[in-house]
Amino acid sequence: MRSEALGEGNFGMLLVGNVVINRVVASCDVFKNTTTIQEVIYQKNAFEGVGTDLWFGNANGKERELALKCINGYRADPATRALWYRNPGRDVPCPPEFYGVLAGRFKQHCFYDPKSNLDCNI
């Protein structure tokens with residue numbers, strides 16, 4: 001969460017955590033065989049932050065608290081059902097589609113829900 005959204009603050013990191021947990025429970029598309037947080041995080045090309053300087057090192061107490069909050073069921077819009085997000089850049093509008101359909105934006109991150117035909121059961 002830190003390596004993907006530190007600049008978005010605690011709420012931004014929670015939204016990224018929502019996407020991770022949603023991918024764990026999703027039963028559709030490329031997420032049908034990812035049933036653990038570790039499988040989701042290390043899925044090929046899933047997260048740009050893996051392996052960056054922010055990735056390495058132990059999580060601090062606040063980061064652990066945020067992660068556990070997501071694991072224990074915390075969800076918030078626009079990532080309540082989101083399976084994808086992207087950062088198109090400062091002052092760049094979110095594309096209406098990116099794998100899924102635009103659910104909303106928080107700061108620089110755009111969040112995307114799966115299309116209804118995917119039957120993801122989130």
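Here, residue 1 is the first one in the sequence, and each next residue gets the next number.
For the side chain to side chain contact (heavy atoms under 4.5 Å, CB included) with I71, the qualifying choice from V24, I37, V20 is I37, the only one to do so.
Under the 4.5 Å side-chain criterion, counting only non-hydrogen atoms from C-beta, M1 is not in contact with L6. The shortest distance between side-chain heavy atoms of C70 and L14 falls below 4.5 Å. Using a 4.5 Å heavy-atom threshold, the side chains of H109 and L15 count as separate. Inter-residue side-chain proximity for P93 and P88 is flagged as unmet; no heavy-atom pair is nearer than 4.5 Å.
For F111, the ring-ring contact (aromatic ring centres under 6.0 Å, His included) partners two or more places apart in sequence, or in a different chain, are Y85. Every residue was checked against the salt bridge (charged side-chain N to carboxylate O under 4.0 Å, His left out) condition with E39, not counting sequence neighbours, and none meets it.
Linking ILVMFWY residues whenever their side-chain heavy atoms come closer than 4.5 Å, directly or via other members, places V19 and Y74 in the same cluster. By the rule that hydrophobic residues join a cluster once side-chain heavy atoms approach within less than 4.5 Å of another member, V101 and F106 end up as members of separate clusters. By the rule that hydrophobic residues join a cluster once side-chain heavy atoms approach within less than 4.5 Å of another member, V40 and L66 end up as members of one cluster. I21 is connected to Y42 through a chain of hydrophobic side-chain contacts under 4.5 Å among Ile, Leu, Val, Met, Phe, Trp and Tyr, so both are in one cluster. No path of Ile, Leu, Val, Met, Phe, Trp and Tyr side chains, each step under 4.5 Å between heavy atoms, connects F31 with V50, placing them in separate hydrophobic clusters.
Applying the side chain to side chain donor-acceptor pair (under 3.5 Å) test to residues at least two apart or on different chains, the pairs with a partner in residues 88-102 are E97-K115.
A donor and an acceptor atom, one from each side chain of R2 and N60, are nowhere located under 3.5 Å apart.
Smallest separation of non-hydrogen atoms from V30 and T34: O-CG2, 4.3 Å. When every heavy atom of G104 is checked against every heavy atom of P78, the shortest pair comes out as CA-CB, 3.6 Å.
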Item to complete: With salt bridge (charged side-chain N to carboxylate O under 4.0 Å, His left out) as the test, would you mind laying out the steps for E8 and K107 before giving the verdict?
Response: CA-CA 7 Å; E8 309 285 286; K107 294 188 178 183; over 6 Å; no

Discussion item. Between L102 and C94, is the side-chain contact (heavy atoms from CB on, under 4.5 Å) condition met? List the steps.
Written reply: CA-CA 8 Å; L102 181 65; C94 297; 3.7 Å; yes

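The distance from atom CZ of R105 to atom OH of Y112, rounded to the nearest 0.5 Å, is 8.5 Å. Of the inter-residue distances, the one linking D119 atom CG with S27 atom OG reads 6.0 Å to the nearest 0.5 angstrom. For the atom pair NZ (K32) and CG (L118), the distance works out to 11.5 Å, reported to the nearest 0.5 Å. Atom CZ of residue R75 and atom CD1 of residue I122 lie 9.0 Å apart, to the nearest 0.5 angstrom. The distance from the CD atom of Q108 to the CZ atom of R86 is 12.5 Å, given to the nearest 0.5 Å.
Judged by distance alone, with hydrogens and angles left aside, the side-chain atoms of N22 form a donor-acceptor pair with the main-chain N or O of A79 at under 3.5 Å. The backbone N or O of A59 sits less than 3.5 Å from a side-chain atom of R64, completing a donor-acceptor pair. N18 contributes no side-chain N or O that, together with a main-chain N or O of A82, makes up a donor-acceptor pair within less than 3.5 Å. Proximity of a side-chain donor or acceptor of R23 to a complementary backbone N or O of L83 within less than 3.5 Å is detected.
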